[in-house]
There are 2 protein chains.
Amino acid sequence: MTDIPTIVTVLDRAGYRLTEPRRKVAGLISRRDGHFSAADLVDDARERRLDVGRATIFRALELFTELNAVERVDLPNGDHAYVECEPVHHHHVICSQCARTTEVEACGMPAVARDVGRRTGFKIQSHRLELFGICPECQAANSRHG
Amino acid sequence: MTDIPTIVTVLDRAGYRLTEPRRKVAGLISRRDGHFSAADLVDDARERRLDVGRATIFRALELFTELNAVERVDLPNGDHAYVECEPVHHHHVICSQCARTTEVEACGMPAVARDVGRRTGFKIQSHRLELFGICPECQAANSRHG
DNA sequence: CGCTTGACGATACTCAGTCTCATTTGCTAG
DNA sequence: CTAGCAAATGAGACTGAGTATCGTCAAGCG
Ligand SMILES: [Zn+2]
Ligand SMILES: [Zn+2]
Ligand SMILES: [Zn+2]
Ligand SMILES: [Zn+2]
């Protein structure tokens, strides 16, 4: 339910083959809401009898990640998950209850990074910022019925 | 080479048994410099013929992490690693060349988190921030010989 | 159309991390 | 100091994510 330039479009623009399995995986991803794991997609595929090989799902995820159509996030518990997203620098706010995520663009991090660089002597190259909390929907639901 | 309250001390204060295997693992950790994985410790132990079971190393790491004597970080490539560190909120600056890490305390994040919360409606509970770059030592080494 | 080459899927494999369970050991109460 | 118990250990089986191999297939192009 995002109107991100569809993964298929990104694939095409990058000159990759628009194969049936890739379309299927892209489809599975776009009908997901929050973050998901490779295993989730494998299950989804089996449920809908899409007949996509396990290895293919991993390969597709890897490729989509390279093309920045999808991003990998690390959950607080150490699990890896993926999120469909836009190909520009941003971070994710992740609901620890329902897994829904939102992108945040202006991260205010350049300033922090500069400051840290000055104090530690490191030449900062990149950063990862993930915020965890409760999304508006879950907050509402929680206050409604306990 | 940190003078963090030794892991053994932390263990003791928290009321856990000071077993020989735990001492050994703590020893291995403290003589490490940058981040390390469970597998690294397993190798170290084997090399120095310390005779500590694999499972025990995992268990020790888990416990030390719970006690905040050690923290888990996620490398950009998706690998998991650990770093010995102080039990207060802070973040790590990680050298992508030599794995050395430094802790940063004032992270300036509360402001960012508040802002993000306001814009997204999320109730922010926690955040993870990791900075990657080149440490001063590596910068010096690099400029010296290429 | 047919070719070429990249992609696919089945399957075997690796490796991190967990679990089980019989044995050992740190601790403490006596 | 010692006995006894709970907690911790280690060997090894197990799980599940992710990767590698390789023969087959089909997307895209002329
Ligand atoms: Zn939610
Ligand atoms: Zn940022
Ligand atoms: Zn370095
Ligand atoms: Zn912070």
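Hydrogens, waters and symmetry mates play no part in the numbers below; they use all other heavy atoms, side chains included. Proteins get letters first, then strands, A, B, ... in listed order; numbering begins at 1 in each.
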Length of the line joining [X]:[atom1] and [N]:[atom2], which is rounded to integer Å:
X      : N       : atom1 : atom2 : result
D79(A) : dA16(C) : CG    : C1'   : 13 Å
R23(A) : dC8(C)  : CZ    : C1'   : 15 Å
D12(B) : dG26(C) : CG    : C1'   : 12 Å
K24(B) : dA8(D)  : NZ    : P     : 17 Å
L11(B) : dC27(C) : CG    : C1'   : 15 Å
I57(A) : dA7(C)  : CD1   : P     : 17 Å
Y16(B) : dC27(C) : OH    : C1'   : 16 Å

Pairs under 3.5 Å (N/O, protein and nucleotides 1-3 of chain D):
none

**Asked** Tell me, for nucleotides 15-27 of chain D in 5' to 3' order, what letter each nucleotide earns: B for a base near a protein heavy atom under 4.0 Å, S for only sugar-phosphate near one, - for neither?
**Response** --SBBBB----BB
**Request:** To the nearest 10°, let me know how far the axis at one end of the helix from dC1(C)-dG30(D) to dG30(C)-dC1(D) is tilted from the axis at the other, five pairs an end.
**Result:**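 So the angle between the two local helix axes works out to 40°.
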For [X], enumerate each residue passing the salt bridge (charged side-chain N to carboxylate O under 4.0 Å, His left out) test, keeping only those at least two apart in sequence or located in another chain.
X       : value
D115(A) : R118(A), R119(A)
R48(B)  : none
R128(B) : E130(A), D74(B)
D44(B)  : R32(B)

**Message:** Enumerate the ring-ring contact (aromatic ring centres under 6.0 Å, His included) contacts for residues 90-130 of chain B, please, sequence neighbours excluded, ordered by first and then second residue.
**Reply:** H89(B)-H91(B), H89(B)-H127(B), H90(B)-H92(B), H91(B)-H127(B)
**Message:** Strictly by ring-ring contact (aromatic ring centres under 6.0 Å, His included), give each pair with a member in residues 26-75 of chain B just once, sequence neighbours left out.
**Reply:**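 Counting only pairs at least two positions apart or across chains, no ring-ring contact (aromatic ring centres under 6.0 Å, His included) contact touches residues 26-75 of chain B.
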**Complete:** salt bridge (Lys or Arg N to Asp or Glu O under 4.0 Å) pairs touching residues 91-102 of chain A, sequence neighbours excluded, are D33(A)-R100(A)
**Message:** Please tell me if T56(A) has a side-chain N or O lying less than 4.0 Å from either OP1 or OP2 of dG9(C).
**Reply:**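 So the side chain of T56(A) is within the cut-off, an N or O lying under 4.0 Å from OP1 or OP2 of dG9(C).
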**Asked** Is a side-chain N or O of D12(A) found less than 3.5 angstrom from the main chain of V8(A), in a donor-acceptor match?
**Response** no
**Any donor-acceptor pair under 3.5 Å from K24(A) side chain to V52(A) backbone** = no
**Asked** What pairs with R49(B) under side chain to side chain contact (heavy atoms under 4.5 Å, CB included), at least two apart in sequence or on another chain?
**Response** none
**Asked** For S37(A), what residues pass the side chain to side chain donor-acceptor pair (under 3.5 Å) criterion, not counting sequence neighbours?
**Response**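 Once residues adjacent in sequence are excluded, the partners of S37(A) under the side chain to side chain donor-acceptor pair (under 3.5 Å) criterion are D40(A).
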